[in-house]
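Residues take their numbers from the sequence shown, with the count starting at 1. In each ligand, atom 1 is the first atom listed, and ligand 1 is the first ligand listed. Because the structure is a prediction, the values reported are computed rather than measured.
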Amino acid sequence: MVSVVDLRSDTVTQPTTAMRAAMLAAPLGDDVFGDDPSVNALQEKIAALLGFEAALFVPTGTQSNLCAILSHCQRGDEYIVGQMAHCYRWEGGGAAVFGSVQPQPLNHQADGTLSLADIEAAIKPDDAHFARTRLLALENTLGGKLLPFDYVQQATRLAQAKGLSRHLDGARLFNAAVAQAAQIGSDTKTEARRIAQCFDSVSVCFSKGLGAPVGSALCGSRELISRAHRIRKMAGGGMRQAGMLAAAASYALDHHIERLANDHALAQRLAEGLAGIEGLQVEAPQTNILFVDLMGAAKEQSAALLKHLADHGIQATGLYRLRFVTHLDVDAAGVDRAVAAIRQFFKS
Ligand SMILES: *Cc1c(COP(=O)(O)O)cnc(C)c1O
């Protein structure tokens with residue numbers, strides 16, 4: 001049987017044999033009592049790695065962002081965020097539903113950034129008419145795009161100067177760090193930390209490119225994390241023998257960060273393989289996510305193309321804009337199969 005090449009998301013990875021062994025071997029306690037040694041070790045590891053006082057292990061990135069926004073903001077506050085940001089668009093409006101915190105979404109520029117002028121203009125004066133602007137939330141990578149580091153510094157300095165807190169949805173922070181390190185000839189952990197240190201809180205997913213089955217961490221000051229801890233409990237995220245999951249995340253931090261460069265190379269290989277097909281516009285990938293736009297006549301064929309791919313054991317998502325995500329469980333042969341199937345579709 002030929003295996004399926006699953007390019008829908010980097011969340012689909014299976015824990016490796018070595019990761020499963022680490023999970024089995026993990027010493028466990030009860031994390032609601034605060035005595036699961038594997039959870040505590042993970043929280044200390046990620047906080048130290050990114051240069052924060054404390055961290056909190058949570059079941060999902062969505063809950064991590066919710067804990068962050070509700071820790072920074074009170075009812076009637078607002079956060080400035082991108083239209084395409086996960087913590088605005090893809091989380092069921094949780095900050096508004098659970099926290100009565102209002103988003104102030106802004107349009108992105110082509111490189112994924114929010115313009116400094118737009119941010120500044122969106123900050124409300126202290127006036128009873130307005131919600132209190134409390135927080136700037138950025139995302140890096142955003143749709144696979146690395147935010148330019150000088151932009152991250154400028155935007156977060158602007159927010160700080162205006163008295164706002166700063167949150168980073170760094171679900172794919174380590175993809176950003178690998179790409180940034182490659183760009184400037186630095187090392188990944190240094191760049192992860194440099195990006196993270198521009199913010200008051202950072203959320204990182206272990207269940208994306210890092211290849212763990214479950215989990216995210218929110219990092220911040222001890223005080224912020226103690227507020228987030230209360231919100232995690234309210235949101236139903238207090239887990240008991242969670243050390244089995246934390247051990248997988250710890251293993252991922254030790255073994256799966258640098259290898260993200262392979263995923264980026266595979267996205268590049270896919271982009272090169274698809275170059276020159278009429279009707280397709282391939283966006284140059286910066287990390288592990290490749291977007292392909294169907295143009296002209298091809299646009300009508302998008303459903304047929306996805307079906308053709310599925311028939312050939314290739315899974316992807318999208319409609320006129322297809323998304324391919326590379327990860328731990330995809331190799332060059334799988335990418336080449338995807339290229340061949342797409343080329344075949346456009347030949348016939
Ligand atoms: C996946 C993702 C999340 C949320 O993660 P879940 O664990 O699926 O809730 C948050 N932000 C970004 C940028 C993501 O890609």
Steps toward side-chain hydrogen bond (donor to acceptor under 3.5 Å, both in side chains) verdict (S216, S64): CA-CA 7 Å; S216 287; S64 191; 5.4 Å; no
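- Looking at R269 and E272, no side-chain N of the basic residue comes within less than 4.0 Å of a carboxylate O on the acidic one, giving no salt bridge.
- Geometrically, ligand 1 and C205 share no nitrogen or oxygen pair separated by less than 3.5 Å.
- In terms of the side-chain contact (heavy atoms from CB on, under 4.5 Å) criterion, residue partners of Q160 (sequence neighbours excluded) are, by chain and number, R166.
- Formation of a donor-acceptor pair under 3.5 Å by the D31 side chain with backbone atoms of D36 is not found in this model.
- Of the protein's non-hydrogen atoms, the one nearest atom 14 (C) of ligand 1 is K208 NZ, 2.7 Å.
- Counting heavy atoms under 4.0 Å from ligand 1, residue T11 does not touch it at all.
- Looking only at heavy atoms of the protein, atom 6 (P) of ligand 1 is closest to G61 N, 3.5 Å.
- A side chain to side chain donor-acceptor pair (under 3.5 Å) with N288 is found for exactly one of D263, T326, D10, namely D10.
- Shortest contact from atom 12 (C) of ligand 1 to any protein heavy atom: A171 CB, 3.3 Å.
- Counting heavy atoms closer than 4.0 Å to ligand 1, residue T60 contributes atoms from both its backbone and its side chain.
- Summarising the local packing, OH of Y151 is surrounded by more than 12 heavy atoms from other residues, nucleotides or ligands at distances under 6.0 Å.
- Here the rule is side-chain contact (heavy atoms from CB on, under 4.5 Å) with E91, and of L66, T62, I69 only T62 fits it.
- Within 6.0 Å of NE2 on H255 lie more than 12 heavy atoms contributed by other residues, nucleotides or ligands.
- Below 4.0 Å from some heavy atom of T62 lie the following atoms of ligand 1, by number and element: 4 (C), 5 (O), 6 (P), 9 (O).
- Considering backbone and side-chain atoms alike, D169 places an N or O below 3.5 Å from some N or O of ligand 1.
- The closest approach between a heavy atom of Q63 and any atom of ligand 1 is not below 4.0 Å.
- With hydrogens and angles ignored, the 3.5 Å screen pairs no side-chain donor or acceptor of H256 with any backbone N or O of A212.
- Applying the 4.0 Å criterion to heavy atoms of E139 picks out, from ligand 1, the atoms 13 (C).
- At under 3.5 Å, not a single nitrogen or oxygen of S216, backbone or side chain, sits near a nitrogen or oxygen of ligand 1.
- Ligand 1 has no N or O atom lying under 3.5 Å from any N or O atom of S207, backbone or side chain.
- Taking every heavy atom of E91 and a limit of under 4.0 angstrom, the matching atoms of ligand 1 come to 10 (C).
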